[in-house]
Amino acid sequence: MTTPLPLSSSASASADSSLLSPSTWRQAHDVFPAVLAGFIAVLISYAGPMLLILQAGQAAKLSQVQMASWVWAISIGAGVCSVWLSWRHKIPVICAWNTPGAALLVGALATVPYNQAIGAYLFAAAAMWLVGVSGVFERLMAVIPKSLCAAMLAGILFKFGVEVFAGARSTVVGAPLLVAAMFVGYLFFKRSSARYAIVLTLLLGIALWLGLGWGDTASALNSANGANNKLMHFSLTQPVWTTPDFSLSAIISIGLPLALLCLTGQQVPGVAVLRAANYVAPVSKLVSSTGLASLITAPFGSHGVNLAAITAAICTGPEAHHQPEKRWLAGVACGVFYLLIGSFAGSLTDSFMHLPPALIASVAGLALLGAIQNGLVNAMSVASEREAALLTFIVTASNVTLLGLGSACWGIGIGLLSYFVLRPKAS
């Protein structure tokens with residue numbers, strides 16, 4: 001038997017030097033903005049829409065184990081879809097959970113037994129999968145002009161840009177100072193290093209929060225102690241299987257609205273984000289894949305996995321990478337962070353909740369400025385479509401909800417009506 005020779009000191013030194021070589025640092029420098037974009041997207045997902053899920057679970061009197069399984073299911077489903085679809089198609093496909101659907105469940109989940117709600121989740125997931133594999137959704141998206149998609153995207157994101165400055169009216173101690181300091185810091189960081197402006201702004205906000213307690217409803221010391229307590233209870237989440245019970249009343253009251261909200265409030269804006277960033281996306285495959293993921297994770301509590309819109313705009317813009325063909329790395333990074341947090345859903349989710357709302361709103365709004373700007377530019381790029389695009393933007397930004405449909409659905413609907421009525425007649 002041959003005994004392997006140990007590495008010589010020179011070989012070991014050579015290996016160490018290769019890790020510190022200029023090419024390695026260049027690769028890390030190249031990938032870092034994409035990884036950061038993925039992290040910020042996940043941060044925003046957990047710090048904002050997650051509150052709706054907690055409210056729905058509390059209203060339905062779900063146990064802590066069931067709540068942890070719910071968060072695990074949507075995180076794992078979104079993570080797997082983001083990693084696989086981004087890597088497979090080499091575009092930044094960011095997936096998330098059905099946020100409008102979570103808002104629906106705040107009131108609806110308590111009205112039916114939990115196993116019947118799981119049956120309604122499965123119905124909504126199957127409907128979304130069928131819409132994807134049949135090609136109906138892709139044919140629908142082909143009818144919508146690119147300028148209207150860009151206008152809808154700008155309208156969806158507009159309120160996040162406004163909320164950066166709305167924090168100046170906050171009554172929380174130190175919140176206006178935190179927002180002002182982060183905004184001024186962002187301007188200087190953007191001027192000196194545009195690629196790292198967001199991460200430096202985020203670090204500045206965290207430093208001011210921890211050091212001075214700005215923006216928090218409790219003291220920074222209490223928050224830090226709370227975070228330390230969470231770290232002491234780190235453990236892997238155990239998913240809980242719930243056998244579904246299919247009820248017609250639950251399907252009508254939960255399943256159908258969930259499917260409609262997912263289609264109009266998530267999938268349409270999600271595809272619009274990719275189109276606005278000039279990515280050619282295999283729409284049917286993306287929708288059917290998220291529908292399949294929703295089917296698999298529904299018995300564990302997932303109410304729906306779908307394409308993201310708001311967080312996707314962070315990963316499809318120039319902040320994620322200056323080369324569009326490399327922004328798919330942000331999608332993979334986002335998925336990895338989802339998988340990590342989902343695996344420790346009971347612990348890490350609460351840690352994200354400790355961050356001050358003003359800090360999250362400021363980082364989100366500043367990170368989305370580029371996407372809002374690009375959306376407005378693309379919306380007004382075709383002279384004959386400008387009025388329809390403007391109406392799409394205004395209605396979407398109004399945040400109005402009528403007949404159970406959100407402003408994004410009404411915005412694109414009114415925009416299409418205006419487009420077909422006002423477009424020039426062919427000579």
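We number each residue from 1, following the sequence as shown.
- Interatomic distance, Ile40 CD1 to Thr311 OG1, rounded to the nearest 0.5 Å: 11.5 Å.
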**OP:** Evaluate the criterion side chain to side chain contact (heavy atoms under 4.5 Å, CB included) for residue pair Val31 and Lys326; output intermediate values, then yes/no.
**Re:** CA-CA 9 Å; Val31 172; Lys326 291 187 178 181; over 6 Å; no
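- Taking CG from Leu62 and CD1 from Ile53, the interatomic distance works out to 11.0 Å, rounded to the nearest 0.5 Å.
- With rounding to the nearest 0.5 Å, the separation of OG1 in Thr297 from CD1 in Ile76 is 10.0 Å.
- Heavy-atom minimum distance, Ala259 versus Ala124: N-CB, 3.9 Å.
- Using a 3.5 Å distance cut-off with no hydrogens or angles, the side chains of Gln267 and Thr290 do pair a donor with an acceptor.
- Distance check: Ser343 OG to Leu236 CG gives 6.5 Å after rounding to the nearest 0.5 Å.
- The shortest distance between side-chain heavy atoms of Val65 and Gln238 does not fall below 4.5 Å.
- Annotation: Phe344 is not in aromatic contact with Trp72 [ring centroid separation under 6.0 Å not met].
- Ser86 and Trp84 form no side-chain donor-acceptor contact under 3.5 Å, judged by distance and modelled atom types alone.
- Side-chain atoms of Val133 and Val287, non-hydrogen and from C-beta on, never get closer than 4.5 Å to each other.
- Taking the six-membered ring where the residue is Trp, Trp70 and Tyr121 present tilted rings, their angle falling between 30° and 60°.
- In this model, no donor atom of one side chain and acceptor atom of the other lie less than 3.5 Å apart for Trp328 and His321.
- Within the 4.5 Å cutoff, no side-chain heavy atoms of Tyr279 are placed close to those of His89.
- With a 6.0 Å radius and a threshold of 12 heavy atoms from other residues, nucleotides or ligands, Phe158 has its CZ atom at or below the threshold.
- For the side-chain contact (heavy atoms from CB on, under 4.5 Å) with Pro92, the lone residue among Leu85, Thr316, Ile314 that qualifies is Thr316.
- With values rounded to the nearest 0.5 angstrom, Arg139 atom CZ is found 6.5 Å from Ser134 atom OG.
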